[in-house]
Colleague: 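Please see the structure below; I have some questions.
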There are 2 protein chains.
Amino acid sequence: MSPRANLNRERVLLTALELADAHGYDHLTLAGVAAALGIRLPSLYNHVDGLPGLRRDIALWGTRQLADELRRAAVGRAGSDAIVHVARAYRTFAHQHPGAYTASLQHPSPEDVQLNAAAGEVFDVVAAVLRPYNLQGDDLIHAMRGLRSVMHGFVTLEHVGGFGMSVDREASFERLLAIYLHGLESSNTGNHLAKLP
Amino acid sequence: MSPRANLNRERVLLTALELADAHGYDHLTLAGVAAALGIRLPSLYNHVDGLPGLRRDIALWGTRQLADELRRAAVGRAGSDAIVHVARAYRTFAHQHPGAYTASLQHPSPEDVQLNAAAGEVFDVVAAVLRPYNLQGDDLIHAMRGLRSVMHGFVTLEHVGGFGMSVDREASFERLLAIYLHGLESSNTGNHLAKLP
DNA sequence: TTGACAAAGCTAACATGGTTAGTTTATAGT
DNA sequence: ACTATAAACTAACCATGTTAGCTTTGTCAA
């Protein structure tokens, strides 16, 4: 009757990802995953460490995927061009995988080596793309926080339906990026003179 | 044994607010509220329309409160000064009432007149504070979306623990505001000179 | 080929949370 | 003092998550 459904942790994860992206991360249930896989709920525990474990797996996948796509967007570009492309990739990922994106936001427990490593990769891409601006010490941190705030804020307000008016959202995003980059450059003119390549 | 606990919808709301702010909006449960009030769970249904109703009440309170504090911060100020003060009030509110702030983000159903009105008040304050910039048509919408993204993005990343490094967060926020405002002003120099159409 | 073992599925049982129905009781107004 | 209403209660049900323990299946070695 149950001819060994041939599951593994990865197939469970992929199914959970689909559900989380489709119905929202908060509405992800083990019951839903089990139903989608055609097995009973407790059988999931053979592959996944309960709901917290599944959520962690989604977070890890999402964070790695985000880092990957940001890196891909940045490669071969520099300066504001790189930042704009990274920001677009960030937004695209958040739209294509709202569930995984939401999962990736929960800050990892300090013991979770893999998840912290993945988060570090995202961090590194953003840091790398801001490097040409020659920001010193805390200024780099401020700039990274600012850029992440801009990207995350826009994307989540979009996702939550916070932008009611029927005005082109791409245009709003591009405008916001332009404004942030312009402000970043002029706030930094002194350092900017000492440029590199 | 149960000498009529003297409850009403407002006292239930206040208790729920405390719990949501203390333990997070997602962890708010009717069971927790009932326990805090010293009554049994089903008795709550005399005051509140289930968990969805309670959440809506929190959202309404939060949105009204936010509108109120933003208005208070803006009064008597103009230009970038007003914007900075509104942004600080936004951040302060989100910190003091993380639960209510989270609740206020869910976009109201179209039939909910009160909640839509409150959301409109927030909208109006942000619009008012950007008025001196003489933004035409869609440009005002773009600017409002940008400002809300900046404020919301920073505040939620803070709340989720997204800013790991031990660098002063106030400073990061002020820096971000300055950058955004600088970019906004210079992106708009043309219009700024030609004051009215 | 077969038999033992581990893994993967299952059922059963329990906890917590939300919800509804129906009952009792406190209190306010007549 | 009496009654009507509103506020509390108990009981019951459903969904989800979790654990324990049983059964089946697939594989690998004797």
Side-chain angles (χ1 to χ4, degrees), chain A residues 1-61 99-100 102-103 106 109 111-112, chain B residues 1-61 98-100 102-103 106 109 111-112 115:
Chain A
M1 191 77 284
S2 51
R4 204 52 74 93
N6 212 23
L7 288 186
N8 52 32
R9 189 164 166 182
E10 192 191 346
R11 280 208 47 213
V12 172
L13 170 61
L14 293 181
T15 303
L17 270 172
E18 278 177 29
L19 292 177
D21 287 341
H23 309 312
Y25 179 71
D26 326 310
H27 295 97
L28 178 69
T29 63
L30 289 185
V33 175
L37 289 168
I39 61 175
R40 299 310 184 107
L41 203 165
S43 307
L44 278 179
Y45 282 75
N46 287 316
H47 305 287
V48 161
D49 198 7
L51 187 56
L54 182 57
R55 287 191 173 141
R56 197 227 81 142
D57 288 352
I58 296 177
L60 181 59
W61 184 92
T102 302
Q106 318 307 320
S109 80
E111 307 103 55
D112 193 329
Chain B
M1 195 71 291
S2 52
R4 204 54 73 92
N6 211 23
L7 289 186
N8 51 31
R9 189 165 165 181
E10 193 191 346
R11 280 208 47 212
V12 172
L13 170 61
L14 292 182
T15 303
L17 270 172
E18 278 178 28
L19 292 177
D21 287 340
H23 308 312
Y25 180 70
D26 326 308
H27 296 97
L28 178 70
T29 63
L30 289 185
V33 175
L37 289 168
I39 62 174
R40 300 308 185 108
L41 203 163
S43 309
L44 278 179
Y45 283 74
N46 287 315
H47 304 287
V48 161
D49 197 8
L51 186 57
L54 182 57
R55 287 194 173 138
R56 196 226 78 139
D57 288 351
I58 295 177
L60 180 59
W61 185 92
T102 302
Q106 317 307 318
S109 80
E111 308 102 56
D112 194 329
L115 193 45

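Model, not experiment: these values are computed from the prediction. Below, read A as the first sequence line, B as the second, and so on, with proteins coming before strands; counting in each chain starts at 1.
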Colleague: Axis-to-axis angle across the helix from C/dT1-D/dA30 to C/dT30-D/dA1, five pairs an end, to 10 degrees?
Modeller: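 Taking the rotation axis at each end, their angle is 10°.
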Colleague: Just how far, in rounded Å, is P of D/dT5 from CG of B/Asn6?
Modeller: 21 Å
Colleague: Measure the distance from CG on A/Leu44 to P on C/dC10 and round it to the nearest whole Å.
Modeller: 10 Å
Colleague: Carefully, step by step, assess A/Asn8 and A/Arg11 under the rule side chain to side chain contact (heavy atoms under 4.5 Å, CB included).
Modeller: CA-CA 5 Å; A/Asn8 52 32; A/Arg11 280 208 47 213; 3.5 Å; yes
Colleague: Please give, in whole Å, the distance from D/dT18 P to A/His47 NE2?
Modeller: 16 Å
Colleague: Rounded to whole Å, how long is the line connecting atom CG of A/Leu28 with atom C1' of D/dA15?
Modeller: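 Whole-Å distance recorded here is 15 Å.
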Colleague: Between D/dA8, C/dG17, D/dA20, which nucleotide has the shortest distance from any of its atoms to the side chain of A/Pro42?
Modeller: D/dA20
Colleague: Looking across every strand, which nucleic acid part, if any, lies under 4.0 Å from B/Thr29 by heavy atom: base, sugar-phosphate, or nothing?
Modeller: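 Sugar-phosphate, backbone atoms only, no base.
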Colleague: Whole Å only: how far is the CG atom of B/Leu41 from the P atom of D/dC9?
Modeller: 11 Å
Colleague: Select one nucleotide: of C/dG18, D/dA8, D/dT16, the one nearest the side-chain heavy atoms of B/Leu7.
Modeller: D/dA8
Colleague: For A/His27 and A/His23, work out which heavy atoms get closest and say how close.
Modeller: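 Smallest heavy-atom distance, with atoms named: ND1-O, 3.3 Å.
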Colleague: Round to a whole Å and report the spacing from CG of A/Leu30 to P of D/dG17.
Modeller: 5 Å
Colleague: Any non-hydrogen side-chain atom of B/Leu28 less than 4.5 Å from a side-chain atom of B/Ile58?
Modeller: yes
Colleague: Can you tell me how far CG of B/Leu17 sits from OH of B/Tyr25, rounded to the nearest 0.5 angstrom?
Modeller: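 Here the interatomic distance stands at 10.5 Å.
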Colleague: Just how far is it from atom CD of B/Glu10 to atom CG of B/Asp57, taken to the nearest 0.5 Å?
Modeller: 11.0 Å
Colleague: Rounded to whole Å, please give me the gap between NE2 in B/His27 and C1' in C/dG17.
Modeller: 14 Å
Colleague: Classify the side chain of A/Asn46 versus the base of C/dA7 as yes if they form a donor-acceptor pair under 3.5 Å and no if they do not.
Modeller: no
Colleague: Any idea which heavy atoms bring A/Ala59 and A/Ala103 closest together, and the distance?
Modeller: CB-O, 3.4 Å
Colleague: Between atom CG in A/Asp49 and atom P in D/dT19, what is the gap in whole Å?
Modeller: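 Interatomic distance, CG of A/Asp49 to P of D/dT19: 8 Å.
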Colleague: As a test of reading the structure: which of D/dT18, C/dG18, C/dT11 is closest to the side chain of A/Tyr45, going by heavy atoms?
Modeller: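 For the A/Tyr45 side chain, the nearest candidate turns out to be D/dT18.
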Colleague: Could you go through residues 32-51 of chain A and list every donor-acceptor pair under 3.5 Å that involves a side-chain atom there, pairing it with any protein atom two or more places apart or in another chain?
Modeller:
unit_1, atom_1, unit_2, atom_2, d
A/Ser43, OG, A/Arg40, O, 3.4
A/Asn46, ND2, A/Ser43, O, 3.4

Colleague: With respect to the phosphate group of C/dC10, does any side-chain polar atom (N or O) of A/Ser43 fall under 4.0 Å of OP1 or OP2?
Modeller: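 So the side chain of A/Ser43 is within the cut-off, an N or O lying under 4.0 Å from OP1 or OP2 of C/dC10.
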Colleague: Which one, D/dC9, C/dG9, C/dT19, comes nearest to the side chain of A/Ile39?
Modeller: C/dG9
